[in-house]
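Here is the structure we will look at.
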Amino acid sequence: MQVTFHWVRVQTFCYATERQDLIEDTLKELLGDIEFEEEISESEHGNQMMILETRITKQREFKELFSKLGDDILNFIIEDIENRVDDDDIFYLRLDKQKAVQGIYEVAHHGDVISLFGKVQAHPAKKEVAVKVLKEFIHDLQGH
């Protein structure tokens, strides 16, 4: 199996009203035992928040992450793949953070999210090639 991504970044915000340990546990459930960079920032309302971010770079890690998302999200990615990959071969997906804390992975269409974005390894580097690589990766995960 060819390598699917150069890298995938996973990022979320932990607001002052949230328990950081719970958010970190949620990310570790999704990604395995990976270290996160922490950056303190200020929200638009002036409250302190923590940005948690990590970057994965191994094919095994990509497979584990996407496998945990489940068939509903993988099918959504396939159906919406033209909107999920941009002209720079970057893949984007946002998961509902509050549902993820409960162990449920769902695509989010609002702001309180776990963001996944990654550079698809496409040769030549064209959107249609990136889309094909990503489709093959997901189909392989689903056993097609």
Side-chain angles (χ1 to χ4, degrees), residues 2-138 140-142:
Q2 75 177 54
V3 176
T4 310
F5 294 96
H6 292 281
W7 49 263
V8 172
R9 290 186 82 93
V10 180
Q11 181 185 66
T12 193
F13 300 103
C14 181
Y15 299 100
T17 56
E18 295 175 317
R19 288 184 33 213
Q20 185 172 333
D21 62 326
L22 192 59
I23 303 297
E24 287 176 357
D25 288 348
T26 300
L27 292 174
K28 286 186 181 193
E29 181 64 35
L30 183 62
L31 296 164
D33 197 23
I34 290 178
E35 293 296 314
F36 298 94
E37 294 175 24
E38 298 179 359
E39 183 182 328
I40 297 172
S41 188
E42 196 173 284
S43 73
E44 60 189 60
H45 302 293
N47 298 325
Q48 192 175 38
M49 66 180 182
M50 181 70 68
I51 302 170
L52 300 172
E53 183 174 77
T54 194
R55 181 172 154 143
I56 59 176
T57 57
K58 295 180 176 76
Q59 184 67 20
R60 174 185 49 80
E61 295 168 332
F62 306 144
K63 287 172 72 171
E64 287 174 13
L65 168 61
F66 279 78
S67 293
K68 287 183 181 172
L69 297 178
D71 279 339
D72 287 347
I73 291 180
L74 296 179
N75 290 334
F76 170 81
I77 293 169
I78 292 290
E79 290 168 17
D80 196 42
I81 200 155
E82 292 295 326
N83 296 317
R84 301 282 119 207
V85 178
D86 70 13
D87 291 336
D88 294 320
D89 304 334
I90 304 289
F91 164 79
Y92 296 92
L93 184 70
R94 297 173 351 147
L95 302 175
D96 185 307
K97 183 174 68 178
Q98 298 309 319
K99 293 261 171 99
V101 167
Q102 301 167 36
I104 302 164
Y105 301 123
E106 222 173 75
V107 175
H109 302 285
H110 54 74
D112 194 16
V113 299
I114 297 170
S115 297
L116 309 173
F117 52 101
K119 177 78 168 171
V120 179
Q121 205 164 90
H123 303 290
K126 294 184 178 186
K127 179 177 179 171
E128 52 273 10
V129 177
V131 164
K132 182 177 182 276
V133 166
L134 197 53
K135 278 184 180 176
E136 287 174 3
F137 171 68
I138 291 173
D140 285 349
L141 284 179
Q142 294 178 315

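Side-chain atoms are counted along with the backbone in the values below, which use heavy atoms only and exclude waters and symmetry mates. Just so it is clear, the model here is predicted, and its values are computed rather than measured.
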Check whether any side-chain heavy atom of [X] lies under 4.5 Å from a side-chain heavy atom of [Y], and answer yes or no.
{"X": "Leu141", "Y": "Lys63", "answer": "yes"}
{"X": "Leu134", "Y": "Phe5", "answer": "yes"}
{"X": "Phe137", "Y": "Gln59", "answer": "yes"}

Taking only residues two or more places apart in sequence, or in another chain, which ones meet [X] in a salt bridge (Lys or Arg N to Asp or Glu O under 4.0 Å)?
{"X": "Glu53", "value": "Arg9"}
{"X": "Arg55", "value": "none"}
{"X": "Lys58", "value": "none"}
{"X": "Glu35", "value": "none"}

Nearest 0.5 angstrom please: [X] [atom1] to [Y] [atom2], how far?
{"X": "Gln142", "Y": "Leu74", "atom1": "CD", "atom2": "CG", "answer": "5.0 Å"}
{"X": "Thr12", "Y": "Leu95", "atom1": "OG1", "atom2": "CG", "answer": "9.5 Å"}
{"X": "Leu27", "Y": "Ile34", "atom1": "CG", "atom2": "CD1", "answer": "10.0 Å"}
{"X": "Asp25", "Y": "Leu30", "atom1": "CG", "atom2": "CG", "answer": "12.5 Å"}
{"X": "Ile78", "Y": "Ile73", "atom1": "CD1", "atom2": "CD1", "answer": "13.0 Å"}
{"X": "Ile77", "Y": "Leu116", "atom1": "CD1", "atom2": "CG", "answer": "8.0 Å"}

Electrostatic pair [X]-[Y], nearest N-O below 4.0 angstrom:
{"X": "Asp33", "Y": "Lys28", "result": "yes"}
{"X": "Lys132", "Y": "Glu136", "result": "yes"}
{"X": "Glu64", "Y": "Arg60", "result": "yes"}

If I compare all heavy atoms of [X] with all of [Y], which pair ends up nearest, and what's the gap?
{"X": "Leu93", "Y": "Leu69", "value": "CD2-CD1, 4.0 Å"}
{"X": "Ala122", "Y": "Lys126", "value": "CB-O, 4.1 Å"}
{"X": "Ala108", "Y": "Val113", "value": "CB-CG1, 3.4 Å"}
{"X": "Arg19", "Y": "Cys14", "value": "C-SG, 4.1 Å"}

(request) Taking ring pair (Phe, Tyr, Trp, His ring centres under 6.0 Å) as the test, write out the residues that go with Phe91, two or more places apart. (result)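 Per chain and number, Phe91 pairs via ring pair (Phe, Tyr, Trp, His ring centres under 6.0 Å) with Phe66.
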(request) List in chain and number order the residues that pass ring pair (Phe, Tyr, Trp, His ring centres under 6.0 Å) with Phe36, two or more places apart in sequence or in another chain; answer none if no residue qualifies. (result)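 Counting only residues at least two positions away or on another chain, Phe36 forms no ring pair (Phe, Tyr, Trp, His ring centres under 6.0 Å).
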Going by the rule side-chain contact (heavy atoms from CB on, under 4.5 Å), which residues pair with [X] if we only count those two or more places apart in sequence or in a different chain?
{"X": "Gln48", "result": "Ile40"}
{"X": "Ile51", "result": "Gln11, Phe13, Glu39, Ser41"}
{"X": "Glu38", "result": "Gln20, Glu24, Met50, Leu52"}
{"X": "Lys119", "result": "His6, Trp7, Asp89, Ile90"}

(request) Apply side-chain contact (heavy atoms from CB on, under 4.5 Å) to the pair Asp96 and Asp112, showing each step before the final yes or no. (result) CA-CA 7 Å; Asp96 185 307; Asp112 194 16; over 6 Å; no
(message) I'd like to know if the side chain of Tyr15 pairs up with that of Asn47 as donor and acceptor (distance under 3.5 Å, no hydrogens or angles considered).
(response)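 No, no side-chain donor-acceptor contact under 3.5 Å.
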(request) Indicate whether the side chain of Gln98 and that of Glu18 have a donor and an acceptor atom separated by less than 3.5 Å. (result)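 There is such a pair (donor and acceptor under 3.5 Å, judged by atom type) between the side chains of Gln98 and Glu18.
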(request) Could you give me the CA-CA distance, side-chain angles and deciding distance for Val8 and Glu61, then say whether side-chain contact (heavy atoms from CB on, under 4.5 Å) is met? (result) CA-CA 9 Å; Val8 172; Glu61 295 168 332; over 6 Å; no
(request) Taking side chain to side chain donor-acceptor pair (under 3.5 Å) as the test, write out the residues that go with Arg84, two or more places apart. (result)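 With sequence neighbours excluded, Arg84 shows a side chain to side chain donor-acceptor pair (under 3.5 Å) to Asp80, given in chain and number order.
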(message) Treating Lys97 as the side-chain partner and Thr26 as the backbone partner, does any N or O pair qualify as donor plus acceptor under 3.5 Å?
(response)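 Here the side-chain-to-backbone pair does not exist.
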(message) For residues 98-133, which residue pairs pass the ring-ring contact (aromatic ring centres under 6.0 Å, His included) check, not counting sequence neighbours?
(response)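 The answer is none; no pair qualifies.
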